[in-house]
Amino acid sequence: MIGTLWTLLALTAQDAGATEIGNGRAFGLGVQLGSPSGVTGKVYLGGRRNAIDFLVGGPYTDNYFWGGIWAQAAYHWHVTELTSGDGVAIPFRVGVGGFVTSWRYGWWGDRAYDAVIGARVPVGLDFDLEDAPVQFWIEAAVDVTILPPL
């Protein structure tokens with residue numbers, strides 16, 4: 001599945017420059033809007049190059065699948081910073097991770113699973129604001145179901 005997720009990550013209540021996100025401010029919590037929606041977090045690991053993000057929320061829906069609780073996590077490599085200045089820094093990132101959820105499958109939900117486990121590969125852009133301790137991001141992710149085989 002390829003989807004677009006919009007996320008808001010509020011890092012702290014103090015003033016921050018874009019270069020402080022990931023350096024002086026290594027952890028943030030926020031809200032993700034889209035499918036799935038939920039509470040999200042991001043932890044930078046020793047600088048701005050590597051991070052782990054997570055989400056707990058739900059439901060997830062598309063044409064044939066819909067589910068209850070959705071949880072995901074991914075390790076991100078911030079490959080390059082596309083631009084910096086004019087109030088924002090924009091790093092490009094790729095990642096690898098996984099998800100777990102409960103799903104119903106089929107037009108009328110004729111198959112149900114207690115748990116579904118899968119892998120995910122997100123690619124995205126972060127928007128680190130210099131004037132506020134806030135980060136927005138947009139991402140597309142490929143999610144592949146591993147268990148149970150569908």
Side-chain angles (χ1 to χ4, degrees), residues 1-105 113 115-147 150:
M1 174 203 79
I2 296 176
T4 302
L5 307 174
W6 291 90
T7 305
L8 167 69
L9 179 64
L11 292 172
T12 66
Q14 302 172 359
D15 291 334
T19 57
E20 290 182 17
I21 294 175
N23 290 322
R25 303 181 193 291
F27 177 74
L29 287 175
V31 177
Q32 177 169 298
L33 305 174
S35 183
S37 295
V39 175
T40 187
K42 190 169 188 177
V43 179
Y44 284 89
L45 307 172
R48 294 176 49 82
R49 182 65 75 186
N50 302 297
I52 296 174
D53 79 350
F54 62 89
L55 169 108
V56 176
Y60 168 83
T61 59
D62 73 10
N63 291 336
Y64 293 99
F65 294 96
W66 60 94
I69 294 175
W70 176 281
Q72 69 186 37
Y75 185 90
H76 294 275
W77 294 274
H78 295 83
V79 178
T80 187
E81 198 161 277
L82 299 178
T83 187
S84 182
D86 294 329
V88 67
I90 304 175
F92 170 75
R93 60 177 168 79
V94 297
V96 62
F99 68 89
V100 62
T101 187
S102 60
W103 270 353
R104 287 189 152 318
Y105 172 76
Y113 299 104
V116 176
I117 299 170
R120 67 187 320 265
V121 178
V123 176
L125 296 174
D126 293 345
F127 299 88
D128 300 339
L129 302 183
E130 291 177 349
D131 296 333
V134 175
Q135 178 186 74
F136 298 90
W137 76 67
I138 183 169
E139 130 182 324
V142 176
D143 294 340
V144 178
T145 300
I146 297 172
L147 292 172
L150 298 178

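Residues take their numbers from the sequence shown, with the count starting at 1. Please read all numbers here as calculations on a predicted model, not as lab measurements.
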**Study point:** Rounded distance (nearest 0.5 Å) linking atom CG of Leu147 with atom CD1 of Ile117
**Key:** 5.5 Å
**Study point:** OG1 on Thr40 to CG on Leu29, rounded to 0.5 Å
**Key:** 8.5 Å
Revision key, fill the gap. What one should report as the nearest heavy-atom pair of Trp70 and Pro36 is CD1-CG, 3.4 Å
Revision key, fill the gap. Heavy-atom closest pair (Gly34 atom, Ser37 atom, distance to 0.1 Å) is O-OG, 2.8 Å
Point to revise | Residue pair Asp126 / His78, side-chain donor-acceptor N/O under 3.5 Å | key: yes
Practice item. Please answer whether the main-chain N or O of Val123 pairs with a side-chain N or O of Arg93 as donor and acceptor at a distance below 3.5 Å. Key: no
Review point. Are Trp137 and Phe127 close enough that their ring centres sit under 6.0 Å apart?
Key: no
Review point. Is there side-chain contact between Val31 and Val39, with heavy atoms separated by less than 4.5 Å?
Key: no
**Study point:** side chain to side chain contact (heavy atoms under 4.5 Å, CB included) assessment of Leu45 paired with Tyr75
**Key:** CA-CA 10 Å; Leu45 307 172; Tyr75 185 90; 3.5 Å; yes
Check your understanding: Which atom names give the shortest non-hydrogen contact between Val121 and Gly95, and what distance separates them?
Key -> CG1-O, 3.4 Å
Check your understanding: So, Thr145 side chain and Gly118 main chain: donor-acceptor pair closer than 3.5 Å or not?
Key -> no
Practice item. Start with the C-alpha distance between Leu82 and Leu125, add both sets of side-chain angles, then the distance that settles side chain to side chain contact (heavy atoms under 4.5 Å, CB included), and finish with yes or no. Key: CA-CA 9 Å; Leu82 299 178; Leu125 296 174; 3.5 Å; yes
Practice item. Please round to the nearest 0.5 Å and tell me the distance separating atom CG of Leu129 and atom CZ of Phe136. Key: 5.5 Å
Revision key, fill the gap. Which of Gln32, Lys42, His76, Gln72 passes side chain to side chain donor-acceptor pair (under 3.5 Å) with Asp53? Answer is His76
Review point. Is Glu139 paired with Arg120 through a side-chain N to carboxylate O contact shorter than 4.0 Å?
Key: yes
